[in-house]
Amino acid sequence: MKTKRNKGLEKIDKKHLWHPFTQMRKWEKETPLIIERGEGNYLIDTNGRKYLDGVSSLWVNVHGHRKREIDNAIKAQIDKISHSTLLGLGNVPSILLAGKLVKIAPNGLTKVFYSDNGSTAVEIALKMAYQYWEQKSEVRSQKSEVKKTKFISFTGAYHGDTFGSMSVGEIDVFVEKYKPLLFPTYKAYYPYCYRCPIDKIYPSCNIACIKNFEEILKRHYKKIAACIIEPIVQGAAGIIVAPHEFLKKVKGLCAKHNILLIADEVATGLGRTGKLFACEHENVMPDFLCLAKGITGGYLPLAATLTTEKIYKAFLGEYTETKQFFHGHTYTGNPLGCAAAIANLNIFKKERTLQKLQPKIKLLSELLAGFKELPHVGDVRQKGLIAGIELVRDKKTREPFQTEERIGHKVCMEARKYGLIIRPLGNVIVIMPPLSITTAELQKMMDIIYRRIESAAGD
Ligand SMILES: *Cc1c(COP(=O)(O)O)cnc(C)c1O
């Protein structure tokens with residue numbers, strides 16, 4: 001069904017729009033699905049067809065679309081002011097939100113620096129960590145002293161698409177082309193990663209990865225400013241769930257070797273893992289906490305990098321000492337974004353979102369157990385309301401499907417026909433619904449996926 005209006009939109013899209021992470025030659029040949037409206041956990045296209053938003057509009061939506069409280073908060077803020085700068089001025093919502101964030105964040109994170117997206121939230125943490133050590137070294141004149149200028153990150157990591165965040169990232173297809181422009185970092189193995197040198201012998205993976213991490217720290221700690229990690233769950237790597245206490249051990253070793261810890265909770269933050277922040281699962285207090293995706297409930301581009309008094313104090317000095325943090329985006333602390341974020345956080349409390357999430361998490365794990373019996377399901381991973389279903393050609397040998405088979409893509413396109421929007425990561429089907437999804441909707445979502453895997457992967 002193609003309306004005249006739809007045809008018009010499609011024509012302009014194909015003529016002028018360049019889509020992210022998309023092979024445009026292929027896009028130009030397909031009929032795009034164009035979303036016009038949203039309603040709760042559903043997206044509605046220009047033909048009036050309704051789809052369950054199983055990907056939370058790319059991992060951002062929290063309480064559903066057109067959530068009254070967030071809509072109203074933004075509208076009310078529009079009636080006051082939509083933007084005013086934080087350079088040399090304050091604005092009301094950014095102040096109130098900072099206070100709220102500090103209250104709910106892991107202990108010790110008392111300073112909030114705003115930006116617009118996950119990549120910049122990470123860039124800011126990297127720059128702050130680097131500058132912290134640069135300014136902290138008491139004997140700055142002693143040139144011979146080894147400086148802490150390097151970072152350690154993990155295999156399979158994804159921290160964003162800007163150059164700094166790509167440098168600490170590791171997913172080949174994303175960063176391969178730009179490698180000559182990236183700064184070198186130390187790479188440690190994230191447990192169960194796709195590069196696993198011990199071939200995913202799961203129990204030993206945890207021990208081997210920590211050992212590998214410790215060895216790098218022991219050898220190079222004098223040069224390492226900070227370690228950056230996606231706590232508990234690596235998202236873009238294919239929903240890789242770290243073993244129990246891996247994060248805690250990483251934190252312990254960082255502390256022991258005087259290395260700062262940057263927790264990139266851009267994806268895991270704001271409830272998706274079952275707690276407000278993934279770090280809470282293991283009582284880990286990072287030196288930096290990066291938030292974006294879900295912070296406004298999936299409404300507006302806003303991000304925050306939280307840090308401690310210790311870091312903040314190293315940036316204090318006389319104006320002429322040039323110790324200030326030289327960073328700031330034009331829309332930093334945007335009042336509309338901050339108003340949306342405040343409303344988003346208030347809903348967590350008012351609706352007891354996290355308590356209500358627990359039965360959904362339990363249901364999801366029960367439903368996922370059934371997937372393990374499917375002939376082409378090689379692995380199922382879950383933390384909270386995030387899950388990944390890895391499809392393999394051969395279950396016994398774990399032989400993967402070839403990239404050109406696009407099995408994940410195929411399953412997701414088929415799911416669309418049944419009214420579900422999901423997006424894969426390679427051969428992994430990603431389950432990332434809004435926290436507001438009902439148990440009935442979750443059941444329906446998993447049912448559609450089950451059947452689509454059954455038929456798409458069956459030869
Ligand atoms: C999405 C993501 C980012 C990048 O966020 P953008 O808003 O797309 O720049 C960084 N880190 C993690 C863990 C992410 O999932």
Side-chain angles (χ1 to χ4, degrees), residues 19-22 55-62 113-127 129 151 153-171 173-175 178 182 185 190 193 226-242 247 250 261-273 276-279 281 284 286 288-306 327 329 331-332 334 337 340-341 344 381 383-388 423-426 428 430-434:
H19 289 259
F21 283 97
T22 303
V55 66
S56 294
S57 293
L58 220 77
W59 311 9
V60 298
N61 195 280
V62 178
F113 196 97
Y114 291 114
S115 61
D116 328 324
N117 61 73
S119 308
T120 53
V122 166
E123 293 282 341
I124 286 159
L126 296 173
K127 278 176 76 172
F151 294 92
S153 56
F154 290 91
T155 51
Y158 177 73
H159 298 294
D161 301 336
T162 53
F163 279 102
S165 59
M166 277 197 293
S167 295
V168 288
E170 203 255 353
I171 298 174
V173 282
F174 293 176
V175 301
Y178 313 103
L182 305 180
T185 59
Y190 201 88
C193 80
C227 166
I228 179 162
I229 190 168
E230 289 162 85
I232 314 283
V233 183
Q234 272 192 334
I239 315 296
I240 307 293
V241 181
L247 175 67
V250 165
L261 183 67
I262 301 169
D264 176 356
E265 293 227 28
V266 170
T268 54
L270 284 303
R272 276 191 212 279
T273 66
L276 203 50
F277 303 107
C279 282
H281 287 284
V284 162
F288 297 92
L289 180 71
C290 305
L291 302 175
K293 289 192 169 97
I295 195 172
T296 61
Y299 267 66
L300 287 162
L302 179 81
T305 307
L306 276 68
H327 194 110
H329 301 284
Y331 278 97
T332 290
N334 173 257
N344 177 40
R381 303 179 284 266
K383 188 75 193 180
L385 210 59
I386 303 177
R423 204 181 142 79
L425 285 160
V428 178
V430 178
I431 315 295
M432 187 84 69

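Heavy atoms only: backbone and side chains are in, while hydrogens, waters and symmetry mates are out. Atoms within a ligand are numbered from 1 in the order they appear, just like the ligands themselves.
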Ligand 1 atoms in contact with H159 (distance to a heavy atom under 4.0 Å): 10 (C), 11 (N)

Any donor-acceptor N/O pair, R272 side chain to P433 backbone, under 3.5 Å: yes

Contact partition for E230 relative to ligand 1, non-hydrogen atoms under 4.0 Å: side chain

H327 side chain near I124 side chain, heavy-atom distance below 4.5 Å: yes

Contacting atoms of ligand 1, where contact means under 4.0 angstrom from a heavy atom of A267: 15 (O)

Between D116 and H329, a side-chain donor and acceptor under 3.5 Å: no

Flag for H281-T273: side-chain donor and acceptor within less than 3.5 Å: yes

Atom indices of ligand 1 within 4.0 angstrom of G118 heavy atoms, with elements: 4 (C), 5 (O), 6 (P), 7 (O), 9 (O)

Ligand 1 contact on E265 by region, counting heavy-atom pairs under 4.0 Å: neither

Atom indices of ligand 1 within 4.0 angstrom of N117 heavy atoms, with elements: 7 (O), 9 (O)

Modelled atom types, side-chain donor and acceptor of T120 and E123, under 3.5 Å: no

Side chain, backbone, both or neither: the part of V266 lying under 4.0 Å from ligand 1 by heavy atom: side chain

Step-by-step side chain to side chain contact (heavy atoms under 4.5 Å, CB included) determination, S153 to E170: CA-CA 8 Å; S153 56; E170 203 255 353; over 6 Å; no

Contact atoms of ligand 1, heavy-atom distance to G160 under 4.0 Å: 4 (C), 10 (C)

Proximity to ligand 1 by part of S119, non-hydrogen separation under 4.0 Å: both

Sub-4.5 Å side-chain heavy-atom contact between W59 and V430: yes

Contact (N/O only, under 3.5 Å) between D264 and ligand 1: yes

More than 12 heavy atoms of other groups within 6.0 Å of F174 CZ: yes

Residue, atom name and distance, where the atom is the protein heavy atom closest to atom 1 (C) of ligand 1: K293 NZ, 1.6 Å

Any V122 heavy atom less than 4.0 Å from ligand 1: no

